[in-house]
Amino acid sequence: MNAPITQDVLTLPRKLPDSARVNIIGLTRDQLREALVAAGTPEKQGKMRVGQVWQWIYHWGVRDFAQMSNLAKDYRALLAERFEIVLPEIVTRQISADGTRKYLVRIAGGHEVETVYIPEEGRGTLCVSSQVGCTLTCSFCHTGTQKLVRNLTAGEIVGQLMLARDDLGEWPVPGAPKDETRLVSNIVLMGMGEPLYNFDAVRDAMKVCMDGEGLSLSRRRITLSTSGVVPEIARTAEEIGCQLAVSFHATTDEVRNVLVPINKRWNIATLLDALRDYPRLSNSERITFEYVMLAGVNDSDADAHRLVELIRGIPAKINLIPFNEWPGAPYKRSSNNRIHAFADIIYKAGYASPIRTPRGEDIMAACGQLKSATERGRKSRAEIAAEVG
Ligand code: SAH
Ligand code: SF4
């Protein structure tokens, strides 16, 4: 059957198998323009078409080309033939007594990652995963007991934000007054995986999230947490420009080698050198030093004093994280008294030292507890204990 040829449609629509369609989610503007042109969009219309499709998908949350009413019908048909708008799938959703939502999200290949939404007064933070598992083996981290299965694609990373907005009903309604409070107002790359070992996909995904004609999250509301992949830190400043958090967790190389083994590759001094340049390169204000409080391991007064000495001169905030225990974890959380005494020393040295309130503990949604269901129990407790000891 012949389809009518119109101005917009230079290639006749053909039925392509699903796998041959290009998923638009996660493509940067440049990639989308190239793909639209390759599908027959006239070169000179490319930029305009990107703008239109982009707004539909990322501003309005539309998933069906047929609804893109400012595009000619034939062009919509062409898009539907050649492209798809596919998000990962929510498999289960658990809601904690404190309102935290944990989503188990299935990505292509049947793998699963977790995404956590943490509602707060007047705002809300989405904790996004960047890998299935992690190549690193931080001894206090549940994800660290799971091997890396694969990197997420940019689409799977952006998709986590879009899924959360679907679930929270957060897409704008045409004609409704603009609501300035956003349910998902911030993103933290603190879910499963080491974002700087999946740099390109994370960068592209964050570019999509930051785009002002779409999801529109400012770079100041995005925080990337790294265990300390030193060679990628300057690139993060230059190519993403988001806020940086670093999993510091220890004040001597001896202890950090055990807690955050990447320290054997890039030690504390090397890491601090890279961090010193970050605020200038990224034009951001300060770096967050994450410090997990482990009883008897890294929580002494001497540690607190060493910590403030080490970071002197770096604009910083120190985020104390009470250890979130998981079944078989080889550590215990420091006592509240110890955490407060530690915080006090830091505060008196002139640093903000908020103690992170654990959220969603009843559903194992707290920081560092995430692990994909399919991979649970891959390493035995004995194996973990052997690595720690
Ligand atoms: N891979 C990145 C980001 C994911 S982890 C990184 O390591 O920074 C996000 C934060 O949670 C990190 O600071 C990590 O060290 C911390 N974390 C991991 N396991 C934890 C646990 N069981 N309790 C508290 N914090 C934990
Ligand atoms: Fe990986 Fe971060 Fe967990 Fe370390 S703390 S194992 S880098 S996810």
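Ligands are counted one by one from 1 in listed order, and the atoms in each one are counted from 1 as well. Residue numbers start at 1 and run along the sequence shown. Nothing here was measured: the structure is a model prediction, and the numbers come from that model.
A salt bridge links Arg312 to Glu309: at least one charged side-chain nitrogen sits closer than 4.0 Å to a carboxylate oxygen. Salt bridge annotation for Arg29-Asp204: absent, with no cationic side-chain nitrogen under 4.0 angstrom from a carboxylate oxygen. Between Arg256 and Asp253, none of the side-chain N atoms (NZ, or NE/NH1/NH2) sits under 4.0 Å from a carboxylate O, so this pair counts as no salt bridge. Using a 4.0 Å cut-off between charged side-chain N and carboxylate O, Asp211 and Lys207 make no salt bridge. Contact check on Asp166 versus Arg63 returns a salt bridge, with a Lys/Arg side-chain nitrogen under 4.0 Å from an Asp/Glu carboxylate oxygen. Under a 4.0 Å N-O distance rule, the pair Asp200/Arg235 qualifies as a salt bridge.
Protein heavy atom at the shortest distance from atom 3 (Fe) of ligand 2 is Cys141 SG, 2.4 Å. Closest to atom 4 (Fe) of ligand 2 among all protein heavy atoms lies Cys138 SG, 2.3 Å. Counting only heavy atoms of the protein, atom 1 (Fe) of ligand 2 lies nearest to Cys134 SG, 2.3 Å.
Here Asn324 has heavy atoms under 4.0 Å from ligand 1 in both its backbone and its side chain. With a heavy-atom cut-off of 4.0 Å, Thr226 touches ligand 1 through its backbone alone. Residue contacts with ligand 1, taken as heavy atom pairs separated by less than 4.0 Å, involve Phe140 via backbone and side-chain atoms alike.
In this structure, Phe248 and Phe289 have perpendicular ring planes: the angle between them is above 60°, well past the 30° mark. In this structure, Phe323 and Trp326 have perpendicular ring planes: the angle between them is above 60°, well past the 30° mark.
Every atom of ligand 2 is numbered from 1 in the order shown, and the set under 4.0 Å from a heavy atom of Leu136 is 6 (S), 7 (S). In the vicinity of Ile321, heavy-atom distances shorter than 4.0 Å reach the ligand 1 atoms 24 (C), 25 (N). The atoms of ligand 1 that sit less than 4.0 Å from any heavy atom of Cys141 are 18 (C), 19 (N). Those atoms of ligand 1 that come under 4.0 Å of a heavy atom in Trp326, given as number and element, are 22 (N). Those atoms of ligand 2 with a heavy atom of Gly144 less than 4.0 angstrom away are 6 (S). Numbered from 1 in the order shown, with element, the atoms of ligand 1 that lie under 4.0 Å from a heavy atom of Phe323 read 21 (C), 22 (N), 23 (N). For ligand 2 and Ser227, the ligand atoms under 4.0 Å from any heavy atom of the residue are 7 (S). Taking a cut-off of under 4.0 Å to the non-hydrogen atoms of Gly193, the atoms of ligand 1 that pass are 1 (N), 2 (C), 3 (C), 4 (C). Within ligand 1, counting atoms from 1 as listed, the ones closer than 4.0 Å to a heavy atom of Gly191 are 4 (C). Listed by atom number, the atoms of ligand 1 under 4.0 Å from His249 heavy atoms are 13 (O), 14 (C), 15 (O).
On a distance-only criterion, Pro322 and ligand 1 share no N/O pair closer than 3.5 Å. Residue Met190 has no nitrogen or oxygen atom sitting less than 3.5 Å from a nitrogen or oxygen atom of ligand 1, judged on distance alone.
By the criterion of side-chain heavy atoms lying less than 4.5 angstrom apart, applied directly or through intervening Ile, Leu, Val, Met, Phe, Trp or Tyr residues, Tyr347 is not grouped with Ile345; the two fall into different hydrophobic clusters. The cluster map of Ile, Leu, Val, Met, Phe, Trp and Tyr, joined by side-chain heavy atoms under 4.5 Å apart, puts Leu272 and Ile262 in the same cluster.
Not a single heavy atom of Met192 sits less than 4.0 Å from an atom of ligand 1. Put simply, no part of Cys138 is less than 4.0 Å from ligand 1, judged by heavy atoms. Taking a 4.0 Å cut-off on heavy atoms, Glu194 registers as neighbouring ligand 1. The shortest separation from a heavy atom of Gly193 to ligand 2 is under 4.0 Å, placing the residue in contact.
Residues Tyr291 and Phe342 place their aromatic rings such that the two centres sit under 6.0 Å apart.
Nearest residue to atom 6 (C) of ligand 1 from Ser130, Gly144, Cys134, Ser247 is Ser247 (criterion: closest heavy atom).
One finds the CD1 atom of Ile318 at 4.5 Å from the CG atom of Leu307 (value rounded to the nearest 0.5 Å).
Without hydrogens or angle criteria, Gln94 side chain to Lys102 main chain gives no donor-acceptor distance under 3.5 Å.
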Start with the C-alpha distance between Thr270 and Asp273, add both sets of side-chain angles, then the distance that settles side-chain hydrogen bond (donor to acceptor under 3.5 Å, both in side chains), and finish with yes or no.
-> CA-CA 5 Å; Thr270 314; Asp273 278 345; over 6 Å; no
